[in-house]
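First comes the structure, then the notes that go with it.
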Amino acid sequence: MKDEISRVLTMMDEGKIDKEKASELITILQSNGHSEVESVNENVPYGNKMLKIRVTSDEGDNVNVNLPINLIKAVLKVGTNIAEKIPEAEKYVKDINIELLTEAIENELDGQIVDITSANGDKVFVVIE
């Protein structure tokens with residue numbers, strides 16, 4: 001199943017599918033190995049938790065993004081490995097400590113993590129739930 005998930009993430013990285021389709025495919029792959037996934041999910045932090053980003057501008061421009069936490073972890077690992085192999089991108093990722101980021105995610109931070117209101121009324125809200 002790991003190989004299939006890696007292929008899905010590669011397709012997303014190459015722009016062949018968007019993140020919503022990638023998330024859907026990964027969910028399908030995980031449900032096909034339901035009994036295996038159930039036993040793994042007991043030890044996997046966050047399980048079905050989502051990172052939710054909400055941006056509301058005073059001018060009526062709104063952004064709503066929902067990302068599965070486990071997808072973020074996978075993309076961090078795969079994306080950094082890919083970026084390290086691209087000469088132009090290598091300099092941007094060489095100092096990123098993926099293990100530290102993954103550890104922070106695995107400490108299961110939960111709830112509101114960002115709440116910003118700008119002087120002009122724009123709002124940014126980030127929560128894990």
Side-chain angles (χ1 to χ4, degrees):
M1 181 170 38
K2 289 181 182 180
D3 291 335
E4 290 89 356
I5 291 174
S6 291
R7 279 187 247 147
V8 169
L9 294 173
T10 300
M11 289 186 334
M12 183 181 71
D13 187 59
E14 294 172 348
K16 293 179 181 176
I17 59 173
D18 61 13
K19 65 181 179 282
E20 288 83 16
K21 187 65 176 177
S23 178
E24 181 183 329
L25 290 171
I26 289 171
T27 301
I28 291 168
L29 288 169
Q30 289 177 335
S31 67
N32 285 343
H34 187 64
S35 59
E36 180 185 326
V37 172
E38 266 185 17
S39 63
V40 171
N41 275 345
E42 292 173 5
N43 299 322
V44 174
Y46 285 105
N48 295 322
K49 297 223 179 211
M50 303 286 280
L51 174 72
K52 297 181 177 183
I53 303 168
R54 304 289 182 259
V55 180
T56 307
S57 80
D58 195 38
E59 298 169 358
D61 299 321
N62 299 321
V63 176
N64 293 314
V65 178
N66 297 321
L67 297 171
I69 294 293
N70 290 328
L71 178 62
I72 293 170
K73 286 173 48 181
V75 170
L76 273 173
K77 291 177 186 173
V78 172
T80 304
N81 288 337
I82 292 169
E84 287 174 345
K85 294 177 176 112
I86 301 170
E88 296 82 21
E90 182 183 14
K91 62 184 173 188
Y92 297 109
V93 297
K94 69 178 180 170
D95 295 326
I96 297 175
N97 187 336
I98 295 303
E99 284 77 32
L100 182 62
L101 287 172
T102 303
E103 183 180 323
I105 291 170
E106 289 175 348
N107 282 328
E108 297 191 45
L109 177 65
D110 204 2
Q112 180 179 325
I113 56 176
V114 175
D115 187 4
I116 301 170
T117 302
S118 71
N120 66 353
D122 295 343
K123 296 181 181 187
V124 176
F125 182 74
V126 179
V127 64
I128 296 175
E129 54 184 26

Hydrophobic cluster identity match, I53 and V127, side-chain contacts under 4.5 Å
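Different clusters: I53 never reaches V127 through Ile, Leu, Val, Met, Phe, Trp or Tyr contacts under 4.5 Å.
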Path from F125 to V63 over hydrophobic side-chain contacts below 4.5 Å
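They do not share one cluster, since no chain of ILVMFWY contacts under 4.5 Å joins F125 to V63.
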To the nearest 0.5 angstrom, please state how far the [atom1] atom of [X] sits from the [atom2] atom of [Y].
X	Y	atom1	atom2	result
D122	D58	CG	CG	6.5 Å
I5	T10	CD1	OG1	12.0 Å
K123	S118	NZ	OG	9.5 Å

Can you name the side-chain contact (heavy atoms from CB on, under 4.5 Å) partners of D13, sequence neighbours left out?
I82
With sequence neighbours excluded, residues passing side-chain hydrogen bond (donor to acceptor under 3.5 Å, both in side chains) with [X]:
X	result
E129	K52
R54	N64, N66
K19	none
D115	Q112

Nearest heavy atoms of [X] and [Y], plus distance in Å:
X	Y	result
V8	I17	O-CD1, 3.8 Å
L71	S23	CD2-CB, 4.2 Å
A22	M12	CB-SD, 3.7 Å

With sequence neighbours left out, the residues meeting salt bridge (charged side-chain N to carboxylate O under 4.0 Å, His left out) with E14 are K16
